Amino acid sequence: IRTADGKQHVLEPVENINAISFQVLEQRMVLELSKSLLRVALKKVIEYQVRQQNELLGAIVGGANFITEKADTRNWQTLPHSIYYKRIKLPEGKHQVKFKAFSQRRPHTTPQCQQFSFDIRPNQTIFQVVNSLVTAKD
């Protein structure tokens, strides 16, 4: 981040979401797998019991069981890899701030640039959120 007065600021990491997501996934894997297996087993027991009484009704229950089972479509890729921030204290008045995101692995690629204008008033705090597909690990 570069401010209008020429000062350059580097973002600081707040949280590595990627590391947290793997840890959460490991912690929940056994529980999630157990719940899924128990649910399927109960459905199969019910289907078997009904099929013993009535073959057609058992087939309908089996079809309903098949239709109600669905894949876990939650996608960890939609989470950000990391969150970075930088707190910049600016004096009152109008300021231009230029944000430049670039890859540390591929330094010769074109950086992602955005420019922001701020009119700072007394005792005002402004949060500017920037989302970037460029990562430090890119």
Side-chain angles (χ1 to χ4, degrees):
I1 298 174
R2 186 180 297 269
T3 55
D5 60 2
K7 291 183 180 172
Q8 195 164 339
H9 304 270
V10 177
L11 297 177
E12 301 169 20
V14 175
E15 198 65 68
N16 183 339
I17 304 297
N18 200 45
I20 292 171
S21 63
F22 279 112
Q23 185 178 23
V24 168
L25 185 60
E26 283 180 21
Q27 289 174 349
R28 294 190 58 176
M29 190 178 308
V30 173
L31 176 64
E32 293 294 328
L33 185 59
S34 300
K35 286 182 355 185
S36 296
L37 290 174
L38 181 62
R39 183 181 64 249
V40 170
L42 287 173
K43 285 182 176 184
K44 284 298 182 184
V45 166
I46 292 169
E47 178 186 344
Y48 178 77
Q49 295 286 341
V50 172
R51 201 178 286 266
Q52 295 295 323
Q53 303 291 324
N54 183 329
E55 186 68 30
L56 178 60
L57 190 55
I60 292 171
V61 170
N65 285 345
F66 177 76
I67 290 170
T68 58
E69 280 301 312
K70 59 183 180 179
D72 184 357
T73 57
R74 295 175 290 179
N75 191 342
W76 293 97
Q77 293 174 344
T78 59
L79 294 174
H81 182 278
S82 302
I83 298 174
Y84 291 83
Y85 87 105
K86 184 63 184 180
R87 183 177 180 175
I88 301 172
K89 187 168 178 85
L90 298 172
E92 293 177 25
K94 295 183 180 192
H95 297 276
Q96 295 291 317
V97 175
K98 187 174 185 179
F99 174 79
K100 189 184 288 188
F102 59 93
S103 170
Q104 290 179 348
R105 281 195 180 166
R106 292 184 249 163
H108 301 295
T109 57
T110 304
Q112 174 191 356
C113 297
Q114 294 181 36
Q115 188 143 337
F116 303 100
S117 298
F118 299 107
D119 188 6
I120 307 296
R121 298 193 180 109
N123 299 317
Q124 183 182 28
T125 300
I126 297 175
F127 292 92
Q128 180 64 49
V129 177
V130 179
N131 297 312
S132 172
L133 295 178
V134 177
T135 68
K137 306 271 186 223
D138 192 13

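Please read all numbers here as calculations on a predicted model, not as lab measurements.
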Remaining members of the apolar cluster that contains Leu57, side-chain heavy atoms under 4.5 Å: Ile46, Val50, Val61

Common cluster, Val40/Leu42, ILVMFWY with side-chain heavy-atom separation under 4.5 Å: no

For the student: nearest non-hydrogen atoms of Lys44 and Asn65, plus distance: N-ND2, 4.4 Å

Distance (rounded to the nearest 0.5 Å) between Leu90 CG and Gln124 CD: 10.5 Å

Approximate separation, where rounding is to 0.5 Å, of Lys89 NZ and Thr125 OG1: 8.5 Å

Enclosure of Tyr85 OH (heavy-atom neighbours >12, cutoff 6.0 Å): no

Residue pairs, two or more places apart or on separate chains, that pass salt bridge (charged side-chain N to carboxylate O under 4.0 Å, His left out) and touch residues 49-64: Glu47-Arg51, Arg51-Glu55

Cluster link Ile60 to Tyr48, ILVMFWY, side chain under 4.5 Å: no

Point-to-point distance, once rounded to the nearest 0.5 Å, from CG of Leu33 to NZ of Lys35: 11.5 Å

Contact check, side chains of Thr68 and Lys43, non-hydrogen atoms, under 4.5 Å: yes

Minimal non-hydrogen separation, Arg121 against Glu92, with atom names: C-CG, 4.2 Å

Side chain proximity check, Gln128 to Phe99, heavy atoms < 4.5 angstrom: no

For the student: nearest non-hydrogen atoms of Ile120 and Ile126, plus distance: CD1-CD1, 3.6 Å

Interatomic distance, Lys98 atom NZ to Gln8 atom CD [nearest 0.5 angstrom]: 10.5 Å

Which atom of Leu56 lies closest to which atom of Asn54, heavy atoms considered: N-OD1, 3.0 Å

Sub-4.5 Å side-chain heavy-atom contact between Lys94 and Ser117: no

